[in-house]
Amino acid sequence: HRSPLNDFQRLRATQLLAVPADPPPPPPERGSAEQCARRCAAGLACRAFHHDRQSQQCQLLPWTQHSPHVQLQKNIHYDLYQKKDYLRDCIVADGSGYRGTRATTEKGLSCQHWQATTPHDHRFLPSPRNGLEENYCRNPDRDKRGPWCYTVDPDVRHQSCGIKKCEDAVCMTCNGEDYRGTVDRTESGTECQRWDLQHPHKHPYHPNKYPDKGLDDNYCRNPDSSERPWCYTTDPGREREYCRIRRCTEKRPRPLNITTGCFRGKGEGYRGRVNVTVSGIPCQRWDAQTPHRHHFVPEKYPCKDLQENYCRNPDGSEAPWCFTARPTLRVAFCFHIRRCPDELGAQECYHGHGERYRGHVGKTRKGITCQPWAAQAPHVPQISPVTHPEAHLEENYCRNPDNDSHGPWCYTMDPRTPFDYCAIKPCSGSVVPSILENTDAVEFEQCGRRDERLQRKGR
Amino acid sequence: IVGGQPGNSPWTVSIRNRAGVHFCGGSLVKEQWVISTRQCFSSCDADLAGYEVQLGTLFKDPGPGDPDQQTIPIARIVCGPSESQLVMLKLASPAALNSRVALICLPPERYVVPAGTVCEIAGWGETRGTADGSVLNVAQLPVLAHGECNAALRGRLKESELCTAPLRAGVGACEGDYGGPLACLTADCWVLEGVITPSRVCARTDQPALFIRVSLYVDWIHKVMKM
């Protein structure tokens, strides 16, 4: 049940360019990513391959991104798969599979080229199979201290390179939700299943669906706020298992917006004391297992402040939440906690709707820089100095050429946000006509009609 | 919805997170645009990959074979003017309109719903045991005049808020209904006059319920869809 892709690290929409390409890579062949991985794993010279998802073609490559005269380049047609052993800067087990480019010993001595026999003669000569290349640290004799090399210092024949084990190389803080290291085995040594595969275990954590969870390849991750990083295993008999990863000792303050009177974003930093759901049900204490059993035991989540029965967000949900004291309602969001304002302070003010505003604020209320009115990118403007000569559309200053009732605005330099309002507020006392009383008879078309019969019958 | 009953509201959508869990409501105002409330979303430039809207079914968690169910990924979120607490969600593809999925009308700009108009809220939120929580529930609420509501709230009412009168029986929106519609029948069409926002208590019997007054932001809504 192990996929041949498990030996590879994937870079999406990326191509490896070798200049000049010598020897030229072999011609592309047909095949799925897994078939190409199998071919590449079998071939000694192959270290990576491009896979074109569209044409289901792949091109085996004798180099990686760490090879000389090679560079990575964006290319939406390809995914680049590279053998992990050539990319990892840490070792698995005794590191006999290590193929990285470290070339100094743990004491800082430069390594002697394996090809050379001076200053130290030896019998470990390079071959296509043993990976002894250049003067890189290697472990041809499975030394339990890991990769080593002969040194260029005549007085020091050989020395360990001190390359860390992968489980120690990248440590984890809190529950490891932000762990992005390259451990791909569970604590019992079982290899992890790739997140982008649904076999041997089907699962909901598609990398595309959870872009912020780092679900790369088959590395241990913590997408569901478990106690620590884990993975689905390649053992059909065991769905998932925790991984062993060193906990960071250095006190790295977690960059969390701690708030008490309101919550920001998803409220993971909310540390206030609201402890009732909006429907008036008290929250269940986090250190209690009744009426609802759960795994959010406070001592296992030291960073989440699961105190008392306060609303909290230990698992990255939409908002702070809690287990409820009512047996029939397991959890409830605490959306009634106010959201913290997330806008820039107003730098200037405007009268009326701001149609005569002539100030020089050129930022939106979220702090995004305004696009110049005369520019055509990133947004092609429907309103411009040409179409509205009288509106003083100068530079990228906020203006209100269409008498928008919510004030001056601008096109923004953020490709995803065509326009937004600015960090300018109505001047106090500026009279905005209050809501009009009923306007004259209104007409609607193609909307707001429903089959009332369904209303009575439901379904 | 507390104090409601199962009903049909073909413009009410269920907004679901990456785990497929319903967490807020919304209203379909164009085939590819849904209106909801800012309170439901972590930020104005949140990456909503994996988030979806569900339409065309009365069930909160329909079975796989539900005939008219449509599930459409959310492509973008656009936040409304500062004090509006509104967001617009652009869907990755247009919804197919049919007897189960319909657009709700937008009111004329700055239109005021006459006091006493009986409007309807809809949602898959908490019913507090007053109805079947697995289906869409609706409830009727009468609109309260702005001045009267302002007096009841001791002057704290904002221009951007619309009130409905408290009912003795305890009828109102609750957790999970936020972002859903307050729809009023005007000229034989259902019009989105309010958006449900979180309150500290559900279905109060002693205070008016507050909604976002949509008619104040109709110009912004049209501008977003145009741009």
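In the text below, chain A, chain B and the rest are named by the order of the sequence lines, each starting its count at 1. Hydrogens, waters and symmetry mates play no part in the numbers below; they use all other heavy atoms, side chains included.
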At a heavy-atom distance under 4.5 Å, which candidate from [options] has the highest pair count against chain B?
options	result
A/E318, A/K266, A/H336, A/R449	A/E318
A/F335, A/Y421, A/Y205	A/F335
A/D212, A/T417, A/T277	A/D212

## Note on the structure
All heavy atoms of B/C174 vs all of A/V278, minimum pair found to be SG-CG1, 4.2 Å
### Query
Which heavy atom in A/G448 sits nearest to a heavy atom in B/C105, and how many Å separate them?
N-SG, 3.5 Å
Under a 4.5 Å cutoff for heavy-atom pairs, which residue among [options] has the most contacts with chain A?
options	value
B/R128, B/Q39, B/K226	B/Q39
B/A203, B/G129, B/S199, B/A183	B/S199
B/R18, B/E83, B/Q85	B/R18
B/C40, B/A102, B/G176	B/C40
B/G80, B/G133, B/P73, B/P10	B/G80

About how many Å separate [atom2] of [Y] and [atom1] of [X], when rounded to the nearest 0.5 Å?
X	Y	atom1	atom2	answer
B/S42	A/R339	OG	CZ	6.5 Å
B/E175	A/L329	CD	CG	7.5 Å
B/D45	A/I368	CG	CD1	6.5 Å
A/D420	B/S82	CG	OG	8.0 Å

Please state whether the side chain, the backbone, both or neither of [X] comes within less than 4.5 Å of a heavy atom of chain A.
X	value
B/V78	neither
B/Y178	side chain
B/L97	neither
B/V224	both
B/C79	both
B/W220	both

### With B/C149 via disulfide (SG to SG under 2.5 Å) - residues at least two apart
B/C163
### Query
Are A/P211 and B/D47 side-chain neighbours, meaning at least one heavy-atom pair lies under 4.5 Å?
yes
[atom1] ([X]) with more than 12 external heavy atoms under 6.0 Å:
X	atom1	value
A/R12	CZ	yes
B/D206	CG	yes
B/K30	NZ	no

### Query
Are B/K223 and A/D402 ion-paired here, with the side-chain N under 4.0 Å from a carboxylate O?
yes
### Query
Does the SG-to-SG distance between B/C189 and A/C447 fall under 2.5 Å?
no
### Query
Considering residues at least two apart in sequence or located in another chain, which fulfil the side chain to side chain donor-acceptor pair (under 3.5 Å) criterion with B/N98?
none
Contact class of [X] relative to chain B, heavy atoms under 4.5 angstrom:
X	answer
A/D342	side chain
A/A319	neither
A/V274	side chain

### Query
Which class fits the ring pair B/Y217 and A/H406: parallel under 30°, tilted 30 to 60°, perpendicular over 60°?
parallel
